[in-house]
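Because only heavy atoms are used, hydrogens play no part in the values below, and waters and symmetry mates are left out as well, while side chains stay in. Computed from a prediction, not measured in an experiment: that's the story for all the values here.
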Number of protein chains: 2
Amino acid sequence: MREFKKKARILLVDDNAEHLRGIKELISLETNYDIVGTTTSANIGINLVKKYHPEVVIMDINLPEKDGLQAIQEIEKLELGTKVLVLSGYDDSDLIFRAMKLGARGYILKTMSSAQLVYAIDEILAGKFYLPAALSSRFFDYFQQSFKAESASSSEENLLTYLTSREEEVLELLTQGNNYKGIAGKLFISETTVKTHVNNIFQKLQVNDRTQAVLYALNNGFGRKVRAKISA
Amino acid sequence: MREFKKKARILLVDDNAEHLRGIKELISLETNYDIVGTTTSANIGINLVKKYHPEVVIMDINLPEKDGLQAIQEIEKLELGTKVLVLSGYDDSDLIFRAMKLGARGYILKTMSSAQLVYAIDEILAGKFYLPAALSSRFFDYFQQSFKAESASSSEENLLTYLTSREEEVLELLTQGNNYKGIAGKLFISETTVKTHVNNIFQKLQVNDRTQAVLYALNNGFGRKVRAKISA
DNA sequence: ATTGATGTAAATCTTTAGATTGAGAAAATC
DNA sequence: GATTTTCTCAATCTAAAGATTTACATCAAT
């Protein structure tokens, strides 16, 4: 079934020692898994990741000392290709969203069956992502919600459309923090020409200075970049 | 099986007339669906949504006149609870991501089986989201990638931490497009004091002017908002 | 008690930004 | 062919921004 012969190294992180044993037994039944460690501490978990380079880390989120989300982030920062499967007691939208944002490959609830856990591990080992339908819906609801306010503002007339292509170039350089001299040098035109363009941009965007122009640009999808209203 | 008795109104939008007929026949076999219209035009499709208020719109993305993504956005803007299922020929990550971002409830490929299409429609009618595993993986890859650069930059030293609380207030007002006079008025301090603060901010953020300061602030998670590197 | 950080403010000066007017050349549109 | 946009540039002017120095009061920490 699977395209790898070697056993997959798995690390368990859960603050509840009993739960830890339970999962360990469950997973031990699967011959393809090799549990390289279990711990109740996020910090120890991170060190175990550094030591054993497990393919998968099954991680509880509500850990005592260190936040599970932070642990995910730190594991991702190691760039060892370690895949984190979150095993949480909470189906909170924000938790799911943040876990996935920080690099988790899957998120399942503790109430789910052992078969589902094994399935999730297999999917993740195969390079896929795994979110059960119910959690997936929560994720997407949250995801789309975070873009809603933004598209509402873009429902108004976007003044950026009135800019000429040259003005767009100038504005692009403005959004990179250039002054007149810098823009003139980069576009190989005189400084006074840049001033003309910038003044025309101000008129069209109905702003008074470059800072406001830059802010308008960033908040209205300029340069194919969008400012998402997502809490860090 | 399903918890609604009334037939679900469905609208088909696809620029390929043959394909349109094919889908129509497929869906007609399902007794629970009522196809209220088919069209090859995005604009006509939007008008049909206004007229018939279908539960589900099955929409092709690469339409001639108007972009399918834009059509999704406009349908969402109507706020009729219409659920859009994207039926696309392309499994491009960016397309999937943008479609979901704009409010699509599902995304399936034209190469998929009719059973899968029906399943997708049912899931969406039940209020869930539907993304096949392969497309889901593409989505999450793209999603996580869009946050990666950001967390990388935050791994560097964040100069914003050196600011005093008063300087943060001043910077906050700078990021709202205020000039010296505006900031002075809002903080009930003199303009020269504001200049002092602003100059100190420049020193600490290692920038030369207010535009660069504002850009630094926005790109480094100032004000609990984060700029996601996501294409519009 | 002294030190250091912070917040406030003024004075002065240089530089940049922004507003306005006018104007020529090329390209697109009609 | 005439007209309109667009891009270019200059000159001039006012306003704002930014740099620098000095100074004083407060508060927290040593």
Side-chain angles (χ1 to χ4, degrees), chain A residues 157-224, chain B residues 64-66 156-224:
Chain A
E157 189 182 25
N158 192 343
L159 300 175
L160 291 173
T161 59
Y162 296 134
L163 298 183
T164 68
S165 59
R166 197 54 161 173
E167 286 162 357
E168 285 181 351
E169 288 183 76
V170 173
L171 182 54
E172 168 80 35
L173 291 170
L174 277 181
T175 63
Q176 289 166 15
N178 292 284
N179 58 15
Y180 286 136
K181 195 184 290 184
I183 296 173
K186 275 157 192 163
L187 295 182
F188 304 107
I189 56 179
S190 84
E191 214 172 315
T192 59
T193 303
V194 178
K195 288 193 176 189
T196 307
H197 285 313
V198 169
N199 267 285
N200 290 334
I201 291 171
F202 291 167
Q203 300 300 319
K204 292 184 178 178
L205 301 188
Q206 297 168 22
V207 297
N208 304 312
D209 55 54
R210 62 180 55 207
T211 307
Q212 291 176 4
V214 166
L215 289 170
Y216 185 92
L218 295 181
N219 286 321
N220 289 85
F222 187 78
R224 303 190 290 150
Chain B
E65 21 164 357
K66 182 170 283 186
E156 299 165 16
E157 189 182 25
N158 191 345
L159 300 175
L160 291 173
T161 59
Y162 297 136
L163 298 183
T164 68
S165 59
R166 197 54 161 172
E167 285 162 358
E168 283 181 353
E169 289 184 76
V170 172
L171 181 53
E172 168 80 34
L173 291 169
L174 276 181
T175 63
Q176 289 166 15
N178 291 284
N179 58 16
Y180 286 136
K181 194 184 291 182
I183 296 173
K186 276 158 192 163
L187 295 183
F188 303 107
I189 54 179
S190 83
E191 213 171 315
T192 58
T193 303
V194 178
K195 286 194 177 190
T196 306
H197 286 312
V198 169
N199 267 285
N200 289 334
I201 291 171
F202 291 167
Q203 300 300 318
K204 292 183 178 179
L205 300 187
Q206 297 167 23
V207 298
N208 304 311
D209 55 53
R210 61 180 56 206
T211 308
Q212 290 176 5
V214 166
L215 289 170
Y216 185 93
L218 295 181
N219 286 320
N220 289 86
F222 189 77
R224 302 192 287 147

Fill in: Non-hydrogen atoms of B:N208 and B:Q212 that approach each other most closely
N-OE1, 3.0 Å
Response to the item:
If each end axis of the helix from C:dA1-D:dT30 to C:dC30-D:dG1 is fitted on five C1' pair positions, the angle between them, to 10 degrees, is 50°
Discussion item. Contact list please: residues 183-200 of chain A against DNA chain C, heavy atoms, distance less than 4.0 Å, in numerical order.
Written reply: A:K195, A:N199
Worksheet item: What salt bridge (Lys or Arg N to Asp or Glu O under 4.0 Å) pairs are there with at least one residue in residues 197-208 of chain B, not counting sequence neighbours?
Response: B:E167-B:K204
Fill in: For B:Q176, side-chain contact (heavy atoms from CB on, under 4.5 Å) partners two or more places apart
B:E172, B:L173, B:N178
Response to the item:
Numerically ordered, the residues 205-213 of chain B set in heavy-atom contact under 4.0 Å with DNA chain D is B:N208, B:D209, B:R210
Practice prompt. Determine the sole option in A:T164, A:I183, A:I189 for which the side-chain contact (heavy atoms from CB on, under 4.5 Å) test with A:H197 is passed.
Written response: A:I189
Discussion item. So which atom in B:L174 and which in B:V214 form the shortest heavy-atom distance, rounded to 0.1 Å?
Written reply: O-CG2, 3.6 Å
Worksheet, complete the sentence: When rounded to whole Å, the CZ to C1' distance for the pair B:R166 and D:dA28 reads 19 Å
Worksheet item: With a 4.5 Å limit on heavy-atom distance, are the side chains of B:R210 and B:Y180 in contact?
Response: yes
Response to the item:
Heavy-atom nearest pair, B:L159 first then B:Y216, reads N-OH, 2.9 Å
Worksheet item: Does any pair with a residue in residues 183-203 of chain A pass salt bridge (Lys or Arg N to Asp or Glu O under 4.0 Å), and if so which ones, sequence neighbours excluded?
Response: none
Practice prompt. Could I get the full list of side-chain hydrogen bond (donor to acceptor under 3.5 Å, both in side chains) partners for A:T196, not counting sequence neighbours?
Written response: none
Worksheet item: When you list every nucleotide of DNA chain C with an atom under 4.0 Å from a heavy atom of chain B, which one comes first 5' to 3', and which comes last?
Response: C:dT6 to C:dA10
Item to complete: Figure out the OH/P separation between A:Y180 and D:dT8, and round it to whole Å.
Response: 16 Å
Worksheet item: Where do A:A217 and A:T175 come nearest, in terms of heavy atoms and distance?
Response: CB-CG2, 4.0 Å
Worksheet entry | B:T192: partners by side-chain hydrogen bond (donor to acceptor under 3.5 Å, both in side chains), with sequence neighbours left out | B:S190
